[in-house]
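Ligands are counted one by one from 1 in listed order, and the atoms in each one are counted from 1 as well.
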Amino acid sequence: MNTRLCQIAVAAFLIGASASTTVFAHGDVTPQAVDTTGLDKLGATWKDSNPFRGNPRAIEIGASAFNQNCARCHGLGAVSGGIAPDLRYLEKDDAGDEWFKERVINGSIRNGVTYMPQFGDALGQEALWSIRSWLDTVRAD
Ligand code: HEC
């Protein structure tokens with residue numbers, strides 16, 4: 001093999017290797033607990049829409065909870081690098097809340113591959129609605 005072909009082979013191998021590492025790393029995200037002190041407890045049953053919309057304490061908690069739990073896929077500041085949807089474009093208001101809730105509880109798991117882990121039990125609805133409240137503050141439109 002000449003040098004040029006060899007470089008191409010190495011490059012192809014590296015691209016393949018890093019792509020598969022990414023998939024595994026993503027399925028393996030350990031949720032980071034979020035301190036929700038200062039917010040009302042919401043109980044075990046999920047609300048249908050965000051009870052903390054516009055709540056300043058929730059927005060503050062949500063900003064750091066997002067960076068710890070979501071940014072690695074959805075991007076710092078929710079500016080997606082393309083791995084996962086750009087959450088600045090999530091629908092507003094109740095329709096967006098419903099889809100948000102559905103996704104964070106169930107994650108996205110297809111054919112045994114975890115594209116997005118489930119967060120409902122690990123973080124709880126107080127922390128997750130806080131993230132949703134923060135996302136409202138970085139909307140793209
Ligand atoms: C391991 C990567 C990963 C992490 C971590 C992750 N997500 Fe996701 N998320 C994805 C992927 C990939 C999709 C698209 C799934 C699909 O379409 O099947 C997605 C989809 C979503 C959607 C639906 C977006 C849409 O436009 O349909 C929401 C809402 C969401 N994620 C919220 C979150 C929140 C909140 C967190 C943190 C608590 C989080 N995600 C953490 C990878 C991730």
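- With salt bridges taken as basic N to acidic carboxylate O contacts below 4.0 Å, one links Glu60 and Arg57.
- Glu98 contributes no side-chain N or O that, together with a main-chain N or O of Asp48, makes up a donor-acceptor pair within less than 3.5 Å.
- Ligand 1 is approached by Trp99 to a heavy-atom distance shorter than 4.0 Å.
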field: Test side chain to side chain contact (heavy atoms under 4.5 Å, CB included) applied to Phe52 and Ile59, step by step
entry: CA-CA 8 Å; Phe52 296 149; Ile59 291 169; over 6 Å; no
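- Of the candidates Cys73, Gly62, Ser130, the one placing a heavy atom closest to atom 3 (C) of ligand 1 is Cys73.
- Using a 4.0 Å cut-off between charged nitrogen and carboxylate oxygen, Asp136 and Lys92 do not count as a salt-bridge pair.
- Counting only distance, with no hydrogens or angles, the side chain of Gln32 and the backbone of Thr30 share a donor-acceptor pair below 3.5 Å.
- Of the heavy atoms in Val104, only side-chain atoms (C-beta onward) come closer than 4.0 Å to ligand 1.
- Although no hydrogens or angles enter the test, the distance criterion places no donor-acceptor pair under 3.5 Å between the side chain of Asn111 and the main chain of Val113.
- For atom 16 (C) of ligand 1, the nearest non-hydrogen atom from the set Met116, Arg103, Gln118 comes from Arg103.
- Distances from atom 11 (C) of ligand 1 to the heavy atoms of Pro117, Gly107, Ala84 show the closest one on Ala84.
- Of the polar atoms of Asn69, none of the N or O atoms is found under 3.5 Å from an N or O of ligand 1, judged by distance alone.
- Residue contact annotation: Arg110 has a non-hydrogen atom under 4.0 Å from ligand 1.
- Coordination check, Ser108 versus atom 8 (Fe) of ligand 1: failed, since every N/O/S atom of the residue sits at 2.8 Å or beyond.
- For an aromatic pair to be called close, the ring centres must be under 6.0 Å apart, and Trp129 with Trp46 satisfies this.
- The proximity of Thr114 to ligand 1, defined as any non-hydrogen pair under 4.0 Å, does not occur for either the backbone or the side chain.
- By heavy-atom distance, the residue among His74, Gln68, Lys101 lying nearest atom 6 (C) of ligand 1 is His74.
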